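Worksheet: the structure to be examined is printed underneath.
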Amino acid sequence: MKALLLVLLPLAGAALAAVWPSDRTRPWLLPVVGVLHVALSLWLLFVPPPFASTAWFAFDPLARAVLPAVSLLFLACAAYAVPYLGVRAERSNRVFVATFLAVLGLLSAGHGARHLGLLWIATEGVTLAAVPLIHFNGTSRAFEATWKYLLVGGTGIALSLLGSFALGYASLYGGGSGDLTVAALASQGAKLSHPWVLAAWVLLLAGYGTKMGLAPMHTWKPDAYGEAPGIVGALLAGGVTTVAFTAVLRVREVVAASGSGAIADRTLLAIGLFSMLVSALFLLGTRDFKRMLAYSSVEHMGILAVGAALGAAGVYAALFHVWGNSLTKGALFLSAGNIRRAAGARTMDEVSGMSAITPHSAAIFITGMFAVTALPPFGPFFSELGIVRAAFGADRPGTAAMFLGCLLFVFFGLTRLVFAIVDGRPRAASRVTGQRFPETMSVIVPPLVLLGFSLWLGLATPAVLTEAWAGAVAQLFPTP
Amino acid sequence: MNAYLNLLIGLAIGLNLLALGSSRLPSLINAVAVQGMALGAMPFLLEEHINWMVALVACATVAVKGFVIPILLRRAMRTANIEREVVPSIGYVPSLLLGAGGTIAAVAFARTLPLLPEHAGSLLVPGSLASVLTGFVLLIGRSKAISQVCGYLILENGIYLFGLLLIHATPLLVEAGILLDLTVGVFVIGIIVDRIQRAFDSLDTRKLTVLRE
């Protein structure tokens with residue numbers, strides 16, 4: 001029941017926001033719901049509720065291992081949204097606030113969904129609810145990005161529905177009832193029809209992989225992240241990708257139970273390494289620092305896929321990485337938003353010397369960049385180390401070498417662009433816009449807090465989290 | 001019963017080809033609408049005992065796919081003031097050939113798939129695969145936003161056909177949720193199409209090329 005509140009509370013908040021009369025006070029609904037959501041999800045993290053394995057929706061170990069990270073990220077974005085929507089007072093924020101809250105509710109539903117149909121409905125719902133967020137800026141570029149997001153994302157998500165049906169047919173053909181709950185499918189095990197399971201895996205990986213932004217289905221990502229406001233980018237990169245990743249993990253559990261786990265792991269490994277390679281190459285070329293964050297997100301989705309392919313130790317590290325990615329990426333997107341507003345532009349040809357105009361945001365941006373490229377002692381360092389160790393443990397030194405090689409190129413790409421923007425002499429145009437949008441405490445503290453969490457994760461990983469990740473791994477890799 | 005069902009699926013496949021060959025947007029939208037209604041009626045042929053929930057979802061499907069979505073699309077077409085696709089990226093004859101070849105391949109491929117005896121004689125699987133393929137050809141081969149939306153709807157129809165294999169297993173709640181998502185999806189697409197029209201003064205998606213590396 002408490003788990004259901006995680007869904008209903010934001011949705012009720014969204015309904016309230018839709019009828020709230022004042023544009024000035026409406027954004028405060030975001031942090032209010034955010035605080036309640038964080039309190040509830042932390043409570044459930046510390047006191048895991050009992051659940052029936054046949055339930056369609058439950059706060060099960062996998063949801064427990066990742067949902068609190070999304071909840072924390074949302075709270076930081078919500079706190080940032082109040083001053084942000086304050087400076088964007090020229091346009092109504094009714095739709096923005098309502099859909100932002102609806103995205104949180106649907107994300108919670110997707111994380112806890114143990115029925116493939118419900119999972120699909122929640123993910124599709126998130127996709128659609130995010131549309132008004134992406135074109136909030138109302139420019140023609142924003143509509144172009146939204147169109148590409150809708151078409152690529154819609155097609156991808158349609159394929160995952162076809163995959164879900166194929167998995168249901170695998171169950172029917174194997175003499176089962178066609179029940180689409182993950183538990184029922186996994187309990188059928190080797191009786192699931194092998195060809196249909198493989199077809200389903202390909203379709204579901206393509207579908208949810210599109211939502212994650214794995215290459216080559218990542219094409220919508222740079223456009224959407226580049227044109228959307230920073231808080232939207234943060235929620236997409238840290239929340240929507242996470243729900244798609246949990247979907248992949250749940251489907252992988254069924255495929256492994258049917259006896260095709262090795263094939264699933266091989267495809268995950270190939271697509272993960274390919275995503276890392278593609279993002280590394282694009283990062284060496286891009287000149288726009290918001291699109292840079294999108295390619296960095298593609299890279300981190302690749303890291304998650306590689307982790308998911310490397311057995312129990314790899315999945316544990318990947319769940320750790322979900323936290324590191326959500327919190328650090330959030331800090332990067334929010335500080336990038338500050339820099340973008342003050343600079344009035346976003347490519348390295350038009351922006352430089354931002355350390356003089358927005359010193360705090362620039363410092364957070366650089367630190368976040370080092371955190372996300374796995375500098376110790378931030379969280380991502382330890383999770384990526386865990387994945388490399390899992391690769392060696394699974395006797396895959398070639399994978400580890402390629403993984404590390406991609407990380408190195410990503411590091412080159414990111415540092416090249418970030419220092420070009422932060423260092424040097426400020427442009428004249430930026431000096432003017434910088435005075436219009438000065439840094440205030442209210443836009444510095446949220447990314448700083450997220451960065452602090454990332455540091456805390458690395459320095460002293462809370463015992464409750466390691467226990468939650470281990471619980472999720474035990475759920476995904478049941479010992480017979 | 002199966003014969004009537006196959007007749008309807010045959011009609012849906014024929015409408016795929018009509019959609020691929022039509023250059024005028026109204027006939028494309030009509031093809032999608034008729035196909036959606038044919039699909040919506042299928043549960044009545046599949047189920048021996050119609051309970052009121054099945055009837056409700058089937059009627060909702062006919063109403064949404066046959067009337068609501070086409071009305072939204074026609075309205076978008078009128079505001080954009082376009083009637084036909086002028087230069088498709090894949091021409092009409094090649095599209096038709098692709099569609100016909102794809103349909104034949106789908107029938108041949110479906111024979112090799114492991115199917116339950118009660119589904120072996122039906123056209124559900126080949127019809128579904130052929131529609132998914134048609135949807136992809138339209139998505140890739142047309143440049144007007146509305147034609148691409150029609151392609152997306154035909155793709156969805158193909159997936160719906162496949163879902164009919166599971167009609168006894170899938171809870172109706174899920175069916176209703178999927179239908180709701182589809183309706184909201186087309187509604188959202190309609191809004192975006194309208195905004196693109198205003199921002200670019202055209203619905204030609206080939207003009208959407210500002211964002212690139």
Side-chain angles (χ1 to χ4, degrees), chain A residues 56 115-118 120-125 127-129 131-132 135 138-151 154-155 157-159 161-166 168-173 176-180 193-196 199 222-224 226-227 282 285-288 291 295, chain B residues 112-116 118-119 125 128-129 132 135-136 139 145 148-149 151-152 155-156 158-171 173-178 180-182 184-189 191-201 203 205 207-213:
Chain A
W56 281 27
H115 184 284
L116 289 181
L118 182 65
W120 187 84
I121 293 170
T123 322
E124 169 82 355
T127 308
L128 294 174
V131 166
H135 69 65
T139 58
S140 56
R141 294 167 63 101
F143 285 115
E144 178 180 339
T146 312
W147 180 251
K148 290 177 178 170
Y149 163 84
L150 256 178
L151 220 58
T155 312
I157 206 83
L159 288 183
L161 180 63
L162 190 58
S164 305
F165 286 151
Y169 200 71
S171 154
L172 269 191
Y173 192 76
S177 62
D179 185 354
L180 283 176
S193 157
H194 186 67
W196 283 110
D223 299 347
E227 300 310 318
F282 275 98
T286 187
R287 307 181 73 78
D288 178 325
R291 292 172 75 88
Y295 287 116
Chain B
T112 66
L113 288 172
L115 292 176
L116 289 171
E118 64 258 38
H119 298 140
V125 177
S128 153
L129 294 177
V132 169
F136 271 121
L139 273 171
Q148 290 177 341
V149 176
Y152 178 69
L155 177 89
E156 282 274 0
I159 294 169
Y160 176 90
L161 270 178
F162 194 89
L164 287 178
L165 292 174
L166 298 172
I167 188 162
H168 300 292
T170 321
L173 191 64
V174 173
E175 305 249 4
I178 291 168
L180 179 71
D181 271 350
L182 180 64
V184 177
V186 173
F187 186 68
V188 171
I189 288 175
I191 296 172
I192 299 301
V193 163
D194 181 49
R195 300 289 173 83
I196 289 179
Q197 159 69 21
R198 274 190 229 162
F200 289 84
D201 209 26
L203 273 184
T205 51
K207 291 191 179 165
L208 305 183
T209 51
V210 185
L211 305 178
R212 58 162 77 195
E213 283 313 319

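Values in this document were obtained by computation on a predicted structure and should not be read as measured data. Chain identifiers are assigned alphabetically (A, B, ...) following the order of the sequence lines, protein sequences preceding nucleic acid strands; residue numbering begins at 1 within each chain.
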Under the criterion side-chain contact (heavy atoms from CB on, under 4.5 Å), I'd like the reasoning laid out for V125(B) against Y169(A): C-alpha separation, chi angles, the key distance, then a yes or no.
CA-CA 11 Å; V125(B) 177; Y169(A) 200 71; 6.0 Å; no
Output the option from V184(B), L115(B), V149(B) having the highest count of non-hydrogen pairs under 4.5 Å with chain A.
L115(B)
Hits for ring-ring contact (aromatic ring centres under 6.0 Å, His included) against Y152(B), two or more places apart or cross-chain, chain-then-number order -> none
Spacing of CH2 belonging to W147(A) relative to CD1 belonging to I189(B), to within rounding of 0.5 Å
5.5 Å
Which one, F143(A), W56(A), F282(A), leads in non-hydrogen pairs under 4.5 Å with chain B?
F143(A)
For L172(A) and L165(B), work out which heavy atoms get closest and say how close.
CD1-O, 3.7 Å
L139(B) portion near chain A, given a 4.5 angstrom heavy-atom threshold:
side chain
Only pairs of heavy atoms separated by less than 4.5 Å count here; which of G176(A), G154(A), P222(A) has the most with chain B?
G154(A)
Which region of Y160(B), side chain (C-beta onward) or backbone (N, CA, C, O), has a non-hydrogen atom less than 4.5 Å from a non-hydrogen atom of chain A, or is it both or neither?
neither
Go through the atoms of I121(A) and report whether side chain, backbone, both or neither lie under 4.5 Å from a heavy atom of chain B.
both
Measuring from atom CD1 of I192(B) to atom CG of L151(A), what distance do you get when rounded to the nearest 0.5 angstrom?
12.0 Å
Determine the minimum heavy-atom distance between L155(B) and A158(A), stating which atoms define it.
CD2-CB, 3.9 Å
Interface residue of largest heavy-atom contact number with chain B, from T155(A), L118(A), V131(A), T139(A), under 4.5 Å
T155(A)
Identify which part of Y149(A) has an atom lying under 4.5 Å from any heavy atom of chain B, answering side chain, backbone, both or neither.
neither
With sequence neighbours excluded, tell me which residues meet ring-ring contact (aromatic ring centres under 6.0 Å, His included) with Y173(A).
none
Can you tell me which portion of S193(A) sits under 4.5 Å from chain B's heavy atoms? Options are side chain, backbone, both or neither.
side chain
Rounded to the nearest 0.5 angstrom, the OG1-CZ distance for T146(A) and R195(B) is 10.0 Å
Quick one: NE2 on H135(A) to CD1 on I196(B), what's the gap to the nearest 0.5 Å?
9.5 Å
Leading residue by heavy atom contact count with chain B [cutoff under 4.5 Å; candidates S140(A), G117(A), S177(A)]
S140(A)
Toward chain B, the part of A145(A) with a non-hydrogen atom under 4.5 Å:
both
Cut-off 4.5 Å, heavy atoms of chain B, and the answer for H115(A) is side chain
Supply the atom-to-atom distance E124(A) CD to I178(B) CD1, rounded to the nearest 0.5 angstrom.
9.5 Å
